[in-house]
Amino acid sequence: MNRAQRGAAGSRGLGTMEVKSKFGAEFRRFSLERSKPGKFEEFYGLLQHVHKIPNVDVLVGYTDIHGDLLPINNDDNYHKAVSTANPLLRIFIQRKEDADYSAFGTDTMTRKKNVLSNVLRPDNHKKKPHIVISMPQDFRPVSSIIDVDILPETHRRVRLYKYGTDKPLGFYIRDGSSVRVTPHGLEKVPGIFISRLVPGGLAQSTGLLAVNDEVLEVNGIEVSGKSLDQVTDMMIANSRNLIITVRPANQRNNVVRNSRTSGSSGQSTESSLPSSTPNILGSLLQGEEESDEEDIIIEDSGEPQQIPKATPASESIESLSQIELLHESTQNGFLPSSEMNLNHSTGSISTEYEAPEPGRKSLEEDGTIITL
Amino acid sequence: MRRFLRAGHDPVRERLKRDLFQFNKTVEHGFPHQPSALGYSPFLRLMAIGTRSGAIKLYGAPGVEFMGLHEENNTVMQIHFIPDQCQLVTLLDDNSLHLWSLKQHGGTSELREEHRFTLKGPPGSPPSATQVTAVLPHSSREVLYLGTESGNIFVVELPSFRVLEDRTITPEAVLQRIPEDNCNRRSCELVEALREHPKNPDQILIGYSRGLIVLWDLQNNKATHHFLGSQQLENLYWQRDGSKFVSCHYDGSYSQWPVSSDNRQSEPLENTVPYGPFPCKAISKIYWQTTKNGLPYIIFQGGMPRASYGDRHSISVIHGSQQTAFDFTSRVIDFFIIFSSDPAAEFDDPSALVVLAEEELVVIDLKSAGWPAVHPPYLASLHCSAITCSHHVSNIPLKLWERIISAGSKQNIHYSSMPWPIDGGTNIAPDPPQRDLLLTGHEDGTVRFWDASGVCLHLLYKLSTVRVFLTDADPNDNMNTLGDDEWPPLRKVGTFDPYSDDPRLGIQKIYLCKYSGYLAVAGTAGQVLVMELNDEDAEHVVDHAEADLLQDQEGYRWKGHEKLITRDGPVRFEAGFQPFVLVQCQPPAVVTSLALHSEWRLVAFGTSHGFGLFDHQQKRLVFVKCTLHPSDQLALEGPLSRVKSLKKSLRQSFRRIRRSRVSSRKRRGGGGNASEVQEANAKFDQDVLQEMELAPVQRKIEARSAEDSFTGFVRTLYFADTFLRDSSRHCPSLWAGTNGGTVYAFCLRVPPAERRMDEPVRAEQAKEIQLMHRAPVVGILVLDGRSTPLPEPLEVAHDLSKSPDMQGSHQLLVVSEEQFKVFTLPKVSSKLKLKLTALEGCRVRKVTVANFGSCKTDDYSENDLAVLTNLGDIQIISLPFLKLQIRYPCIRKEDVSGIASCVFTKYGQGFYLISPSEFERFSLSTKWLVEPRCIVDMPEVTTNNHVHKPGSENAARKSSPGDCGEDERKSGRLMEHALLNDEKVLKEIQSTLEGGR
């Protein structure tokens, strides 16, 4: 296979796309399937792999059709980059520690060419403190309104992230009663309400919850029929990632959507709520699984560390004994095949590099095929 | 929620679940809470107890129990058995009458309510007209006489409760026959007692409250005799032959009245104030029992001298020169005498006195010298000192069982050897499959051992830990040391004694090893006692050690109670469990967890400050670990400071209210007059009140942090032989879980048996797990390679359990109040979890591994977790996959003490307190079910074998021995005997005739 053939076949026939990646002074060329770009993590791993910089944290950028240098740091902008690249995807890789964040943005490429002017006016360059756009794992989740698209307008689902803040959650709940429209007419039913916000607490600082908001759900579970103490316990148990659905006392700030006819009555909201619950429940629980549960273990009074999930992969790194290694290799039936896959691709990459070391998980994990 | 739904789809599993699990509340053990009425049927030999909550319980031979509940939940005032029937009538405080009957159904008898009835007077009559005060079920079994407050006696037909208006005995009718000189309408107000003549069912004795007693002839509807007492009447009693009756009075006197055919207005034969001459309290009930030797037994309730002994709850028994006033520990509700129910017998010949006091049942043997008490096989007063904890041990080896019983029998020598006199019904429940012990710890420092194998919770043995310590109470200071010449001759009976001398003695944790007979008991003041079973009395020194749980933590001050002071020198212990080691925690906080490993000879204990391990073989403290968080001040200061602060805050808030009230008065009172000020004040008070009512209950939502108080509180301790360090070698280990969600694991080195005394036991901390949700850890468990919980110590050595699988990898199950989590071992990584609180808002209160057997096949059984939540639900969760199997509501969530007292057995049963004195037993298993199964057969109506003449109207109407308490001889029946030409019967007739004259 020579380069010209492959390039021609890639860009036209099979929908593959050429990638030219630059790290420091080195270039690497390889190809990606345009229709199945895979996930950003895989792409990131692949870049580290082809540049042989497996343990170096890097920032990834690409030049778009306008010549702007734009970052790639999640699936969305990665897919955007792949879909807009024509015919070649130019990738620029910087070490994270000496990354020049200002390099990103509009007109970056033209600016870059004007290096001289930058050098001449250094004060101008330093004036604006840049905003760091970091890797997804560096993101700190913040409290937000979520699921606006599936909830009735009168309801609001708020995700309160306690994680990483020293602020107290800071709110109180109480028993109360609310009026519902039922088939038998208006009925007074018991409900749970927010009774107080602690000044300076997370709940107050987000501005998403207010006194007298009625609590309808806690992490996807309806609170109707539950006692105040039960709801308290549920909220505290979920306090690391608390998602509460409320009917705000102040209904004037609701999101107005065009898709819905105006004036959704109490009845319609009530009836629409249960139907939407099962759909979102799964995603809520999913999200929760990832974010809470970081029990800490201290072994033999050493350094505390987070308890890993007992997946076969994590076990394989830890266990040293003979028995467990054997046990592990049988469990990891897919390991050899994925390695083969990689080896095969190795051959097709134009620049020379060695076969990947075993233990690089990011490429093995998922079944996304990366053709080169 | 989703995962629960998913769990229940496998039809095979669903079927299996039906074979394994089933929820039943089976039986209530202990003494009914707030008893209010007592009844007895000499015919059925059954006793009935009614309670203030409307429950009615029947007891016969051990194991024969029935229970019914009035829908109204009103106090049961009176219970009367219908003579010679499996029926009884109850009177509630709402004036309703209820007819209950025992019917056989599916091989067992059941107690069912048949009818209810409320007496209605003519329109416009006051409620007192029909307020029932006395009930007499007539021996004809057809009618019920109801005495009322108005003095009317209504007659109701049974079982329909139809009022026979023409037979009503009105006060007017009664007064017609009585000379008017000293009687008026008011003499006939309120019927106090109704008694049927023991020989002649056509005559009833009516006692009115003001002292008038009338003998009424039902056939002729007239008063044949009347007797005028000068005192307010309390009760009446016919003597056996019907020639005399006894009345007792409000002033503490009783009178004997002759009934003779010639004299219509009679004076009492005898009028006695037994505890005179100073004013006495009322005698509320009296029995006059005849005996062969001619000396009657006079048994009465009350009558004590008002000033000096008016507060005593007494029943006096007088027999010739013998006289004893039994002094009960609580108010006497009622009593009855068990005497010869054979209608042919000439004398009453009483055998036992049965007394229902408010807090216990006492039975006195009247046959044996000295009138000793009888040890009741049921209705034990669990709360004779308040229960502070309980512990259940299943399947006790026979050897240990016998040794405990023999130790207990030595404590019971003062009890009568009389067989239990209330022996009606037949227990047809199969013998309990195994011997189970329930141990209850009490506030007074005792541990009681109960036989919990069957329906009757029976006290086997009582252990006291008090002797180890020096306390203020002198053990010899009891009430029985009254001299012979004391008057009145009071004798304390009963065991109810709720007053603890020293709350520090209270028992908090119990652990019994059924194989070795080692018992560990821990208490309120940080004391841990290790005991050994010894069949002989012994005197020895208890080894004493102190465990400083604060270690190097400094600057803290314990403000709680002081530690208990031990007795120096050797202490004498009676046969049974004798302590040989005492460990006292410092600071002396309540022991919150306890574990004993009898094979390794180690005992672990934890308080709110930390935990320690003690080697009771070498009598050496192995290590202590402080679990306190530096900022946890509350735990350090002890419980008292908390109380103080509450008091302080209360005081402050009161002060605040007062201050604001004063200032408002000043403000408003400036211009107006007094009434205006008053009005304003009233308005202000109202406002304050309203404000207080309106203030809603709030709950703070806050993530748990390490700084929350009592995080160091050690909730659970667990010994396990498992892979703690590496997967090739297993070793003994100790696990501890705290209130703050921390699990500590210590690797132990226990020297082999031959060098056990020479080398010290060593411990080293191997792991510390901090659960991120920080909920209190309530249970720790290690599952072996087959995912089976590790066996108890010595279980394998006794061949009672398969040895654990040490080949496969072990798993660690940590149960917090909020989650169940399975981790791998030795490398701790989380494998599985089940969230409870986050999904349902309930928390784990109690958790145990229980073995469930299938009711269909003998060879299938599985281990599951039995869980009680703070909502009172019971859930069964499978092992090792943590799937919710089934859920039952069990205890009301408001019943906090019930939930706190719950204890599970190893085979899927459980107990919880429904009142301070009663355990409810429940079962989750289809296989292990202990419930009363009993049958009450109608005994042959007569005990002397005469033949009923089917045609004889007389026999059909009058063939019955007595109603509750009294028994009657029927002249009609006796005439039949004469026909039989029986010599014995002839004699009887003669005696009757003599008596009648």
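Quick note on labels: first sequence line is chain A, next is B, and so on, each numbered from 1. Treat the numbers as computed from the prediction; the structure is a model and nothing was measured.
For B:L871, the part lying near chain A is the side chain, with the backbone staying farther off; criterion is any non-hydrogen pair under 4.5 Å. With a threshold of 4.5 angstrom between heavy atoms, B:N870 approaches chain A through side-chain atoms but not through N, CA, C or O. Heavy atoms of B:E818 lying under 4.5 Å from chain A belong exclusively to its side chain.
Within the 3.5 Å criterion, the main-chain N or O of A:A210 finds a donor-acceptor partner in the side chain of A:D213.
Shown here for B:R725 and B:Q765, the closest heavy-atom pair between the two residues is NH2-O, 3.9 Å.
The stretch residues 171-178 of chain A places A:F171, A:Y172, A:I173, A:R174, A:D175 near chain B, each with some heavy atom under 4.5 Å from a heavy atom of that chain.
Under the 4.0 Å criterion applied to side-chain N and carboxylate O atoms, A:E214 and A:R180 are assigned as salt-bridge partners. Using a cutoff of 4.0 Å between basic side-chain nitrogens and carboxylate oxygens, A:D295 and B:K821 are scored as salt-bridged. A salt bridge does not link B:E840 with B:K835: every distance from a Lys NZ or Arg NE/NH1/NH2 to an Asp or Glu carboxylate oxygen is 4.0 Å or more.
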Quick one: do A:T245 and A:E217 satisfy side chain to side chain donor-acceptor pair (under 3.5 Å)? Show the steps, please. CA-CA 5 Å; A:T245 310; A:E217 288 177 359; 3.2 Å; yes
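Most heavy-atom pairs under 4.5 Å with chain A: of the set B:K893, B:E764, B:R843, this distinction falls to B:R843.
Checking each of B:L771, B:T738, B:V815 against B:V777 for a side-chain contact (heavy atoms from CB on, under 4.5 Å) leaves exactly one that passes, namely B:L771.
In this view, B:F881 satisfies the ring-ring contact (aromatic ring centres under 6.0 Å, His included) rule with no residue, not counting sequence neighbours.
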